[in-house]
Amino acid sequence: MSNRNSHQNKQAARERLRAERERQAKKDRTRRQLTVGGAVVAILAIAGGIGYGVSQMNGGGDASKKWKAAAEEKKLVKPAHTTGPQGTTVVIGDQKAKNTLHVYEDMRCPICAEFEQYTGSTVAKDIKDGTFKAQYTMGTFLDDKEGMIGAGSKNALSALGAALNVSPDAFLEYKSALFSAKNHPQQETDDAFASDQKLIEIAQQVKALKGNKSFEKAVTNGTYDRWALAMSKAFNDTKDVTGTPTFKLNGKILTVTVQGQQQPPITPEQFNSAVRQNLKK
């Protein structure tokens, strides 16, 4: 073996070791989050309640207020593949499926991102296999949470409406891309999704949206901004949902017990166990 090859092998080994350490560090971070997941989610739930009350009084920060005021001036346009008076009922999958998973998320929610990164593919497979159909109700309360004020949740939700207008699959794939480790803001205070250009850039990772001028026009024109407000209201009106993520199977909120505390299922193992226990036969 030449010295050059020996050097290359050592370098490759160091790279593998570094990559393994990074993977382990991420696992450790996630394990710490899941271990205290009940506390984390409880904090988010409490913050959501406080944020909702405060926003009712002062309308949130300037960015949120300006976005909302502009959206209220627009005509309500309901995306295709929705039902209900304001198009806020979004159900994806086999409509004849006996079971319905109801998913409640906020696009700026870091725990939602963790769930989607670890368990999103499991949900997608269950939808495809007919284990359940999935209904999505998206909130935007984190735009008005103290320390996270902005408009990213509402703007990303409007863009999701544009994706849903293309197809249900585009909606799911775009939501997955937004929540991915590559694209989701690393800091809670990062309001990256308030940028239309950022949302369009991420959309290039979705086959049905790549170069889709109709989708891009809907994002830049805010075609579904008013719809995003209607969807957000539908979330706020669901009184037994106080934080994100929340999952209901056939109307029952799914939880797992971690160190004596109830929390939403985050890992595939937790999610599969909770689903199996509550499926209609």
Side-chain angles (χ1 to χ4, degrees), residues 48-49 51-53 55-56 59-60 63-95 97 100-109 112 127 132-145 150-175 178 193-194 196 199 203 209 214-248 250-251 253:
Y52 177 69
S55 69
Q56 289 295 85
S64 180
K65 286 191 289 186
K66 288 178 181 178
W67 197 101
K68 184 177 180 181
E72 288 174 340
E73 295 296 318
K74 294 179 179 178
K75 177 183 176 182
L76 173 66
V77 180
K78 297 182 286 186
H81 314 106
T82 64
T83 58
Q86 295 188 301
T88 56
T89 302
V90 178
V91 180
I92 297 176
D94 184 354
Q95 301 300 303
T100 302
L101 178 75
H102 203 149
V103 179
Y104 300 83
E105 294 175 314
D106 184 306
M107 293 311 299
R108 290 179 70 187
C109 170
C112 298
I127 294 172
F132 49 68
K133 55 185 177 291
Q135 181 172 351
Y136 292 89
T137 300
M138 311 300 290
T140 63
F141 70 94
L142 289 178
D143 278 349
D144 298 315
K145 176 180 176 288
S153 290
K154 290 187 281 289
N155 208 42
L157 178 51
S158 177
L160 273 176
L164 180 58
N165 193 63
V166 174
S167 73
D169 284 344
F171 171 88
L172 292 178
E173 291 173 23
Y174 187 45
K175 185 165 73 72
L178 289 168
F193 291 164
D196 291 344
L199 295 173
L209 304 181
S214 178
F215 165 82
E216 293 175 8
K217 182 178 179 181
V219 173
T220 55
N221 288 352
T223 301
Y224 300 102
D225 286 2
R226 184 69 178 269
W227 173 81
L229 293 184
M231 175 66 85
S232 181
K233 184 178 185 303
F235 177 96
N236 291 338
D237 288 345
T238 310
K239 300 306 180 185
D240 61 342
V241 173
T242 56
T244 54
T246 295
F247 310 101
K248 292 181 183 178
N250 304 321
I253 294 179

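If you read the sequence from its start, that first residue is 1, and numbering goes on from there.
Atom CG of Leu209 is separated from atom OH of Tyr174 by 7.5 Å, given to the nearest 0.5 angstrom. The CG atom of Leu199 sits 7.0 Å away from the CZ atom of Phe215 when rounded to the nearest 0.5 Å. Summarising the geometry, atom CE belonging to Met231 is positioned 8.0 Å from atom CG belonging to Leu164; distances are rounded to the nearest 0.5 Å. Once rounded to the nearest 0.5 Å, the distance linking OG1 of Thr223 with NZ of Lys75 reads 11.0 Å. Atom NZ of Lys78 sits about 12.5 Å away from atom CG of Asn165, to the nearest 0.5 Å. Thr244 OG1 to Phe141 CZ: the interatomic distance, rounded to the nearest 0.5 Å, is 3.5 Å.
Counting all heavy atoms, side chain and backbone alike, Thr137 lies closest to Ala234 at CG2-C, 4.1 Å. Nearest heavy atoms, Asn155 versus Asp196: ND2-OD1, 2.9 Å. Pro245 approaches Cys112 most closely through the heavy-atom pair N-SG, 3.7 Å. The shortest non-hydrogen separation linking Arg108 to Ala151 is NH1-N, 4.4 Å. Looking at every heavy atom in both residues, Leu157 comes nearest to Thr140 through CD2-CG2, 3.8 Å. In terms of heavy atoms, Ala218 sits closest to Ala162 at CB-CB, 3.8 Å.
Between the Asp143 side chain and the Ser153 main chain, a donor and an acceptor come within less than 3.5 Å of each other. Of the possible donor and acceptor atoms, none in the side chain of Glu173 sits under 3.5 Å from a partner among the backbone N and O of Phe171. A side-chain donor-acceptor contact under 3.5 Å links Lys133 to the backbone of Ala97. A donor-acceptor pair is defined here as one N or O able to donate and one able to accept, closer than 3.5 Å; no such pair exists between the side chain of Trp227 and the backbone of Pro79. A distance-only check finds no donor-acceptor pair linking the side chain of Lys154 to the backbone of Ser232 [under 3.5 Å]. Judged by distance alone, the side chain of His102 and the main-chain N or O of Lys248 form no donor-acceptor pair under 3.5 Å. Although no hydrogens or angles enter the test, the distance criterion places no donor-acceptor pair under 3.5 Å between the side chain of Asp144 and the main chain of Ser64.
Two residues are said to be in side-chain contact when any heavy atoms from C-beta on lie closer than 4.5 Å; Met138 and Lys175 meet this criterion. With contacts defined as side-chain heavy-atom distances shorter than 4.5 Å, the pair Asp106/Phe235 does not qualify. Taking 4.5 Å as the limit, every side-chain heavy atom of Leu160 sits out of range of all side-chain heavy atoms of Tyr224. Residues Ile127 and Phe132 are in side-chain contact: their nearest non-hydrogen atoms beyond the backbone lie under 4.5 Å apart.
Within 6.0 Å of CD on Glu72 lie more than 12 heavy atoms contributed by other residues, nucleotides or ligands.
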* Step by step, would you call Val91 with Thr83 a side-chain contact (heavy atoms from CB on, under 4.5 Å)? -> CA-CA 8 Å; Val91 180; Thr83 58; 5.7 Å; no
* Would you check, one step at a time, whether the test side-chain contact (heavy atoms from CB on, under 4.5 Å) holds for Arg226 with Val77? => CA-CA 7 Å; Arg226 184 69 178 269; Val77 180; over 6 Å; no
